[in-house]
Amino acid sequence: MVISVSVQREAFDLDQESADLIAKSGDAGALVLFQGMVREFDQKVPLEKMVLEHFPGVTEREIIRIIEIAQSHWDIAGCRVVHRIGELFSDDPIVLLIVTAKHRLDAFLAAEFIMDYLKTEAPFWKKEHLVNGEAYWVEAKKSDQAILSRWQELAKWRKKS
């Protein structure tokens, strides 16, 4: 399996990233791609920008660990994750996840699993800056943590069967 992880300031090229992973994935018959963008969230005051920080080396290792867990559950051929850091503005691409597999179900489920865990477990710190000058660190959402429970339940079910 091909695993590639980058944490970077610069934007990524969807077409190039997809082509690169396809070329390295052998006879994969499915590709699932997810791109996340900065959004204004739910505050009443518009977002000026978001600043993302990470722990170099640790962040990449944690993302690889998440991908390897997905690989233990689904037959995936390759995975590419690009996560941006630094100053980002509304609608800027922030994360790219590409998963290849022989079969679509493995690609879909692995991509969803990786994204759910990436959102909650990867060590990134986000600070939102609003147009009124207010700034605050973004806290983990309870709803994101709740989503993980379904994967934990699936793991328990798989052990029983």
Side-chain angles (χ1 to χ4, degrees), residues 1-26 28 30-72 74 76-101 107-148 151:
M1 182 175 103
V2 178
I3 296 176
S4 178
V5 173
S6 298
V7 178
Q8 62 192 44
R9 291 187 182 282
E10 58 276 354
F12 45 80
D13 181 327
L14 288 173
D15 292 334
Q16 186 63 53
E17 296 289 351
S18 296
D20 288 349
L21 188 59
I22 289 168
K24 296 173 184 172
S25 292
L31 178 142
V32 171
L33 183 147
F34 171 82
Q35 175 182 284
M37 285 89 62
V38 176
R39 56 192 172 96
E40 291 197 20
F41 298 95
D42 300 322
Q43 66 267 7
K44 294 178 181 177
V45 178
L47 181 74
E48 177 190 344
K49 66 182 176 183
M50 177 185 286
V51 178
L52 272 86
E53 297 178 10
H54 79 299
F55 192 166
V58 173
T59 303
E60 293 87 345
R61 282 193 302 273
E62 181 61 17
I63 295 170
I64 290 168
R65 186 185 74 79
I66 292 165
I67 295 167
E68 288 172 342
I69 293 169
Q71 180 190 21
S72 74
W74 298 282
I76 55 179
C79 183
R80 173 76 170 130
V81 173
V82 181
H83 204 298
R84 295 182 64 201
I85 56 167
E87 288 187 347
L88 298 167
F89 300 88
S90 286
D91 300 325
D92 280 350
I94 189 172
V95 63
L96 173 66
L97 167 65
I98 309 171
V99 176
T100 57
F108 275 119
L109 291 173
E112 190 172 3
F113 174 92
I114 293 165
M115 200 60 231
D116 287 347
Y117 274 84
L118 182 64
K119 178 112 171 112
T120 57
E121 303 294 318
F124 289 100
W125 296 272
K126 301 174 183 178
K127 190 171 195 178
E128 290 186 349
H129 296 260
L130 306 181
V131 295
N132 67 359
E134 183 182 345
Y136 56 89
W137 292 100
V138 177
E139 295 184 25
K141 294 181 182 174
K142 289 180 183 178
S143 60
D144 290 335
Q145 289 295 327
I147 288 172
L148 295 186
W151 295 113

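The analysis underlying the following values was restricted to heavy atoms, covering all of them including side chains, and did not include hydrogens, waters or symmetry mates. Sequential numbering from 1 along the given sequence is applied to the chain's residues. Quantities reported herein were computed from a predicted structural model and do not represent experimental measurements.
- Val5 places a side-chain heavy atom less than 4.5 Å from the side chain of Ile67.
- Between the CG atom in Leu109 and the CD1 atom in Ile76 there is a gap of 11.0 Å [rounded to 0.5 Å].
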**Request:** Before giving the answer on side-chain contact (heavy atoms from CB on, under 4.5 Å), spell out for Ile66 and Ile64 the whole-Å C-alpha distance, their side-chain angles and the decisive distance to 0.1 Å.
**Result:** CA-CA 5 Å; Ile66 292 165; Ile64 290 168; over 6 Å; no
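- With rounding to the nearest 0.5 Å, the separation of CE in Met115 from OG1 in Thr120 is 9.5 Å.
- Side chain of Thr59 to main chain of Pro123: a donor-acceptor pair is present (N/O by atom type, distance under 3.5 Å, no hydrogens or angles).
- What you find for Ala30 and Ala107 is that their closest heavy atoms are CB-CB, 4.1 Å.
- Glu68 and Arg65 are not joined by a salt bridge, as no carboxylate oxygen comes within less than 4.0 angstrom of a charged side-chain nitrogen.
- Residue pairs that meet the salt bridge (charged side-chain N to carboxylate O under 4.0 Å, His left out) test with at least one member in residues 88-101, sequence neighbours left out, do not exist here.
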**Item:** Check against side-chain contact (heavy atoms from CB on, under 4.5 Å), Gln8 and Val82
**Value:** CA-CA 7 Å; Gln8 62 192 44; Val82 181; 3.5 Å; yes
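- The OG atom of Ser18 sits 5.5 Å away from the CG atom of Leu31 when rounded to the nearest 0.5 Å.
- Taking the six-membered ring where the residue is Trp, His83 and Phe124 present parallel rings, their angle staying beneath 30° rather than reaching 60°.
- Proximity of Ile63 to Glu60: side-chain heavy atoms (C-beta onward) are nowhere separated by under 4.5 Å.
- Closest non-hydrogen pair, Ser25 versus Ala77, comes out as O-CB, 3.6 Å.
- In Phe12, the CZ atom is crowded: over 12 heavy atoms of neighbouring residues, nucleotides or ligands sit closer than 6.0 Å.
- Annotation: side chain of Ile94 is not in contact with side chain of Met37 (no heavy-atom distance under 4.5 Å).
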**Message:** For Tyr136 and Glu128: C-alpha separation, side-chain torsions, deciding distance, then whether side-chain contact (heavy atoms from CB on, under 4.5 Å) applies.
**Reply:** CA-CA 6 Å; Tyr136 56 89; Glu128 290 186 349; 2.3 Å; yes
**Message:** Working note: His129 + Lys127, criterion side-chain contact (heavy atoms from CB on, under 4.5 Å); need CA distance, chi angles, decisive distance, verdict.
**Reply:** CA-CA 7 Å; His129 296 260; Lys127 190 171 195 178; 3.9 Å; yes
For residues 48-57, which side-chain N or O atoms pair as donor and acceptor with protein atoms under 3.5 Å away, sequence neighbours left out?
residue	atom	partner	partner atom	Å
Lys49	NZ	Glu87	OE2	2.7

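- Residue pairs that meet the salt bridge (charged side-chain N to carboxylate O under 4.0 Å, His left out) test with at least one member in residues 3-15, sequence neighbours left out, do not exist here.
- The shortest side-chain heavy-atom distance between Leu14 and Leu33 falls under the 4.5 Å cut-off.
- There is a side-chain donor-acceptor pair under 3.5 Å between Ser6 and Arg80.
- Atom CH2 of Trp74 and atom CD1 of Ile69 lie 10.0 Å apart (nearest 0.5 Å).
- With a 4.5 Å cut-off on side-chain heavy atoms, Asp20 and Ile22 do not count as touching.
- The backbone N or O of Pro93 sits less than 3.5 Å from a side-chain atom of Arg84, completing a donor-acceptor pair.
- Within the 4.5 Å cutoff, no side-chain heavy atoms of Phe89 are placed close to those of Leu47.
- Here the straight-line distance linking atom CD1 of Ile3 with atom SG of Cys79 works out to 7.0 Å at 0.5 Å rounding.
- Residue Thr100 holds its OG1 atom at 4.0 Å from CG of Leu21, rounded to the nearest 0.5 Å.
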